Every structure is written in structure tokens, then in C-alpha cells.
Asks: 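Take a look at this one; I'll ask things after.
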2 protein chains.
Amino acid sequence: MPFIRANEGVVTQVNIFTVEPEKQQELIDLLRESAEFVRSVPGWISASIHRSLDGTRVVNYAQSEDRESAQRVIDALREAGYLERNRALGVASPGLYEVVATIER
Amino acid sequence: MPFIRANEGVVTQVNIFTVEPEKQQELIDLLRESAEFVRSVPGWISASIHRSLDGTRVVNYAQSEDRESAQRVIDALREAGYLERNRALGVASPGLYEVVATIER
């Protein structure tokens, strides 16, 4: 399973999609398909797809080994038409992050 | 370290803060303090704090055992004044989620 560690150089793309509730499942299915598509891109690590309990959002939490890998993944998704297909289902708000701290019970 | 698993009942609060870059570190420090504060709330699991590479956002990825626990955490943070202190540093966009799929290389 994916895990979260601070200060390891991993770059995480957190992408929050705002959707109409009746399109939430369709977007989840598309993100799952696109994650399978980029599994073979060098440096890609994982994608974890989250649905909001209120039906209005989807979060994709996607890890790559470094910034260059994250960009390769985005480029591959764009070239294959996935970013455009995402846009037909929801409004994306993507960002690239690094983990600075994890706190556990 | 925190890990991500689908279909285990865990409720994840993903909170994206938009910040002025000069306040990013201050917000990170405050979120770290608030995570330490809620460690003892029943059902709280973890918090993972992420800084955007461009300096303009912070993401807190926080796990609780279930929806009731997630609400207890939010209530505890509000009562202790943390939500108000967060607002002084950035604009929060919180949501509650469940993990529906993880895909790994």
C-alpha cells in the first residue's frame, strides 16, 4: 500500500476535482484507468483515489520519485488525452508538494 | 509512517490551504502543533503535512478511524482555537473523504 514519509524527496501531486455528484463515480473510474496507464512511466510510485463523503469532490493523491518524474507523468497523461477527459467531468485544482512532517498516534 | 488503504472505513480529511509564500512555514508549524494537540483524541490516526513546491499552498492529509472520530478532531481543534489561528494564515478548503482505490507500480 502507499505510505507517506517526510523528507524523502518524493513529490506528491494532490489534485482536487470538483464534480457534480452524478459524475463522481465516472471520474473515479477515469482516474483509476489513467493511473493504470502511467504505471510504467519511470519514477511513478502510486495513485490513491479518494471520494468525498458529500459527493462533490474527488482527490487523487499521486506519488512520484522526484519532480522530473512527476512532470513525465503529467506529460504522458496529457499526450494520451486523459487531462482533457478529466476536464469533461470536473474542475481540477492540481499542485505539486513535498511531505514536511508526519505525526501519528 | 501513515499508509493509505482502500475500503477500510478510514475517513481522511484533506485540507488545502492557500497561503502567501512568506506565511507558508508559519502555517506548517501551526498545523504540526495542532496535530500534536489532537493525538489523544479517540480515533485520530495521523496527520501528514505537505508544502507546495511553489510556496502558495499547504495540504494537511489527516486520517481518523471513522466519521465520528473525524468530527471529534474538528471539534477539538475548533474549541482550542486552532481553526481560527489557521484562518489568520491562509484560506482553508477542507473536505472529508474515503479511499476508493490505490494503484502502485
Side-chain angles (χ1 to χ4, degrees), chain A residues 1-6 8 10-16 18 24-25 28-29 31-65 67 69-70 93-105, chain B residues 1-6 8 10-16 18 24-25 28-29 31-65 67 69-70 93-105:
Chain A
M1 64 228 160
F3 54 84
I4 304 174
R5 272 195 188 135
E8 293 226 326
V10 166
V11 167
T12 304
Q13 190 191 49
V14 182
N15 201 342
I16 298 208
T18 305
Q24 191 187 41
Q25 187 58 50
I28 288 167
D29 294 342
L31 290 173
R32 192 192 295 244
E33 180 189 324
S34 65
E36 296 287 351
F37 175 76
V38 293
R39 276 179 88 163
S40 59
V41 173
W44 183 85
I45 298 173
S46 74
S48 298
I49 303 167
H50 303 62
R51 70 168 207 89
S52 74
L53 303 185
D54 69 2
T56 66
R57 299 194 215 185
V58 176
V59 166
N60 188 18
Y61 183 99
Q63 298 171 311
S64 297
E65 281 178 4
R67 195 163 185 159
S69 305
S93 179
L96 294 179
Y97 298 84
E98 62 182 4
V99 181
V100 290
T102 63
I103 302 98
E104 293 179 89
R105 65 182 168 192
Chain B
M1 64 228 159
F3 55 84
I4 304 173
R5 270 194 189 138
E8 293 227 326
V10 166
V11 167
T12 305
Q13 190 190 48
V14 182
N15 201 342
I16 299 209
T18 305
Q24 190 188 41
Q25 188 58 49
I28 287 167
D29 294 341
L31 290 173
R32 192 191 294 244
E33 179 190 324
S34 66
E36 296 286 352
F37 174 76
V38 294
R39 277 178 88 164
S40 59
V41 173
W44 183 84
I45 298 172
S46 75
S48 298
I49 303 167
H50 303 62
R51 71 169 207 89
S52 74
L53 303 185
D54 68 2
T56 67
R57 297 195 216 185
V58 176
V59 166
N60 188 16
Y61 183 98
Q63 298 171 311
S64 299
E65 282 178 4
R67 194 162 184 161
S69 305
S93 179
L96 294 178
Y97 298 84
E98 62 183 5
V99 181
V100 290
T102 64
I103 302 97
E104 293 178 89
R105 64 182 169 193

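Note that the structure is a prediction, hence the values are computed from the model and not measured. Each chain gets a letter, A, B and so on, in the order the sequences are listed, and its residues count up from 1.
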Asks: Any non-hydrogen side-chain atom of Leu96(B) less than 4.5 Å from a side-chain atom of Asp54(A)?
Replies: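 Side chain of Leu96(B) against side chain of Asp54(A), heavy atoms only: no contact under 4.5 Å found.
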Asks: Hey, are the side chains of Met1(B) and Glu8(A) touching, using non-hydrogen atoms and a 4.5 Å cut-off?
Replies: no
Asks: Could you grab the distance from atom CG of Leu53(A) to atom CD of Gln13(B), nearest 0.5 Å is fine?
Replies: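 One gets 10.5 Å once the value is rounded to the nearest 0.5 Å.
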Asks: Which residue out of Thr56(B), Val11(B), Ile45(B) racks up the most heavy-atom pairs below 4.5 Å with chain A?
Replies: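 Answer, by heavy-atom pair count under 4.5 Å with chain A: Ile45(B).
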Asks: Ala35(A), Ser48(A), Ala6(A), Gly95(A): which one forms the most heavy-atom pairs within less than 4.5 Å of chain B?
Replies: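 Most heavy-atom pairs under 4.5 Å with chain B: Ser48(A).
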Asks: Heavy atoms only: give me the nearest Arg32(A)-Val100(B) pair and the separation to one decimal.
Replies: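 Closest approach of Arg32(A) to Val100(B): NH2-O, 3.8 Å.
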Asks: Let me know if Leu31(A) has heavy atoms under 4.5 Å from chain B in its side chain, its backbone, both or neither.
Replies: neither
Asks: Tell me whether the rings of His50(A) and Tyr97(B) are parallel (<30°), tilted (30 to 60°) or perpendicular (>60°).
Replies: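 Geometry flag for Tyr97(B) against His50(A): perpendicular rings.
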Asks: Any side-chain to backbone donor/acceptor pair from Arg105(A) onto Ser40(B)? Under 3.5 Å, distance only.
Replies: no
Asks: Side chain, backbone, both or neither: which part of Ser93(A) has a non-hydrogen atom closer than 4.5 Å to chain B?
Replies: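 Both the backbone and the side chain of Ser93(A) come within 4.5 Å of chain B.
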Asks: Looking only at heavy atoms, what is the nearest atom pair of Glu104(A) and Pro2(B), with distance?
Replies: OE1-N, 3.5 Å
Asks: Among Thr102(A), Ile4(A), Val38(A), which has the most heavy-atom pairs under 4.5 Å with chain B?
Replies: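 The residue among Thr102(A), Ile4(A), Val38(A) with the greatest pair count is Ile4(A).
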Asks: CD1 of Ile103(A) to CZ of Arg39(B): how many Å apart, nearest 0.5 Å?
Replies: 8.0 Å
